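Labels below follow one simple rule: chain letters A, B, ... track the order of the sequence lines, proteins then strands, and each chain is numbered from 1. Predicted model, so just to flag it, every value in this text is computed and none were measured.
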Protein chains: 2
Amino acid sequence: MDVATLMLIAYRAMDERVISAMREAGYDITVAQARLAQRIAEDGSRLVDLAEQAQVTKQTASMLVAALERQGLVERVPDPTDGRARLIRFTAAGQDAADRAREVVMGVEQEWNDHLGPHLASALREALTSLRELVDPYQ
Amino acid sequence: MDVATLMLIAYRAMDERVISAMREAGYDITVAQARLAQRIAEDGSRLVDLAEQAQVTKQTASMLVAALERQGLVERVPDPTDGRARLIRFTAAGQDAADRAREVVMGVEQEWNDHLGPHLASALREALTSLRELVDPYQ
DNA sequence: TATGATAGTCAGTCTTACTGACTATATTGG
DNA sequence: CCAATATAGTCAGTAAGACTGACTATCATA
């Protein structure tokens, strides 16, 4: 089995854990929505920036933001520095959800680390970080 | 950045490499099709088995097989041991495509190993294999 | 042999993705 | 200074890939 497929297996397991924990907490978030929301900066982000970071078109990003907005998790406010743009930022409820999701991710990662042991866990992170530099050179 | 997201970044890079190499070689394969095709056994596989292994419903699997069939890469033959079932197996052209895809995957993995060095590369594989046992206990 | 399980299809829906065309605002070069 | 161009975002339309539910045909078994 190739390492990329092994990565997908682990990634999917994380996804399922996060989505199901969020569902239990009363949030109805999809994977794509979470992936976008993850990128929203503290002081708000522009749609195009979110789209670029999440590697989707701005139309797709717009739709995902709309879904998050319908659930009251994010809001769109005019960008004071650019009349064309609007800033997407978390509402209080959205911030709570984001905090909760982060906790779950860290919890699962801790489980993984416990399973692997400190040596292998740190090697995994080091290898993945190094691979990122290879495959995703900009940042 | 959490390790799961780092895994996704690397996985996507692999996906893109394989899909674009296949496209250059004249195959018009999607990621989902490739994921399913990867699971087709030498002597043919049943739809339900492919669906289970690829973690999709049998309806989805059926659609993906139909797409592969339209491109002449797989064929469905009656299962001699079970009148309800049909076996999905590669055509000669499909086998060529699968071989080509495997080469690309191995090539990219080799690049990754060269970048990481033997020590980190083997730690990465070991960690991912170990994680798989944690998150995907059946096989 | 009647009953339930299994293999697969058909129909319909939803989410996520795309392209193309568009409006509104900013920026910049002549 | 303003015409040309770039950028931010939306709207419309389409497609892939995923789902559920309902169905037929075949198999296994009590």
Do you know which of Arg86(B), Arg46(B), Arg84(B) makes side-chain hydrogen bond (donor to acceptor under 3.5 Å, both in side chains) with Asp79(B)? Arg46(B)
Is it true that, when you exclude Glu52(B) itself, more than 12 heavy atoms of the residues, nucleotides or ligands shown sit nearer than 6.0 Å to its CD? no
Does anything in residues 33-49 of chain B come within less than 4.0 Å of DNA chain C? Heavy atoms only, and list the residues if so. Arg46(B), Leu47(B), Val48(B)
Would you say that more than 12 heavy atoms from the other residues, nucleotides or ligands in this model lie under 6.0 Å from the CD of Glu103(A), or not? yes
Would you kindly give the CZ-to-P distance between Arg76(A) and dA8(D), to the nearest whole Å? 15 Å
Please give, in whole Å, the distance from dT9(C) C1' to Leu50(B) CG? 16 Å
With distance as the sole criterion, is a donor-acceptor pair present between the side chains of Asp114(A) and Gln110(A) under 3.5 Å? yes
I need the CZ-C1' distance between Arg12(A) and dG17(D), as an integer number of Å. 12 Å
Reading DNA chain C from 5' onward, which residue's closest nucleotide shows up sooner: Gln55(A) or Ala85(B)? Ala85(B)
Taking only side-chain N and O atoms of Arg70(A), does any of them lie within less than 4.0 angstrom of OP1 or OP2 on dT15(C)? no
Is a salt bridge present between Asp28(A) and Arg23(A), judged by a nitrogen-to-oxygen distance below 4.0 Å? yes
If you measure from the Lys or Arg side-chain nitrogens to the Asp or Glu carboxylate oxygens, is any gap between Glu111(B) and Arg17(B) under 4.0 Å? yes
For the pair made of CG in Asp28(B) and P in dC18(C), what is the distance, rounded to whole Å? 16 Å
Check the side chains of Glu109(B) and Asn113(B) for a donor-acceptor pair under 3.5 angstrom, ignoring hydrogens and angles. no
Do Asp99(A) and Gln95(A) have side-chain atoms, one donor and one acceptor, less than 3.5 Å apart? yes
When the distance from CG of Leu64(B) to P of dA15(D) is rounded to whole Å, what number comes out? 17 Å
Polar pairs (N or O, both sides) under 3.5 Å between protein and nucleotides 23-27 of chain C?
residue : atom : partner  : partner atom : Å
dA26(C) : OP1  : Gly83(A) : N            : 2.8
dA26(C) : O4'  : Arg84(A) : NE           : 3.4

On a plain distance test, is the side chain of Gln59(A) in donor-acceptor contact with the base of dG20(C) below 3.5 Å? yes
Can a side chain N or O of Ser62(B) be found less than 4.0 Å away from OP1 or OP2 on dG8(C)? no
Side chain of Ala32(B) only, please: which of dG17(D), dA21(C), dT16(C) is the nearest? dG17(D)
Between dA15(D) atom P and Met63(A) atom CE, what is the distance in whole Å? 17 Å
Check this for me: Arg39(A), atom CZ, are more than 12 non-hydrogen atoms of other residues, nucleotides or ligands nearer than 6.0 Å? yes
dC18(C) phosphate, OP1 or OP2: any side-chain N/O from Thr60(A) under 4.0 angstrom? yes
Just the rounded figure in Å: distance from P of dA7(C) to CD1 of Ile88(B). 12 Å
Between atom NZ in Lys58(B) and atom C1' in dA25(D), what is the gap in whole Å? 12 Å
Check whether the side chains of Gln71(B) and Gln33(B) place a donor and an acceptor atom closer than 3.5 Å, and report yes or no. yes
Under 4.0 Å between a side-chain N/O of Thr57(A) and OP1 or OP2 of dT19(C), yes or no? no
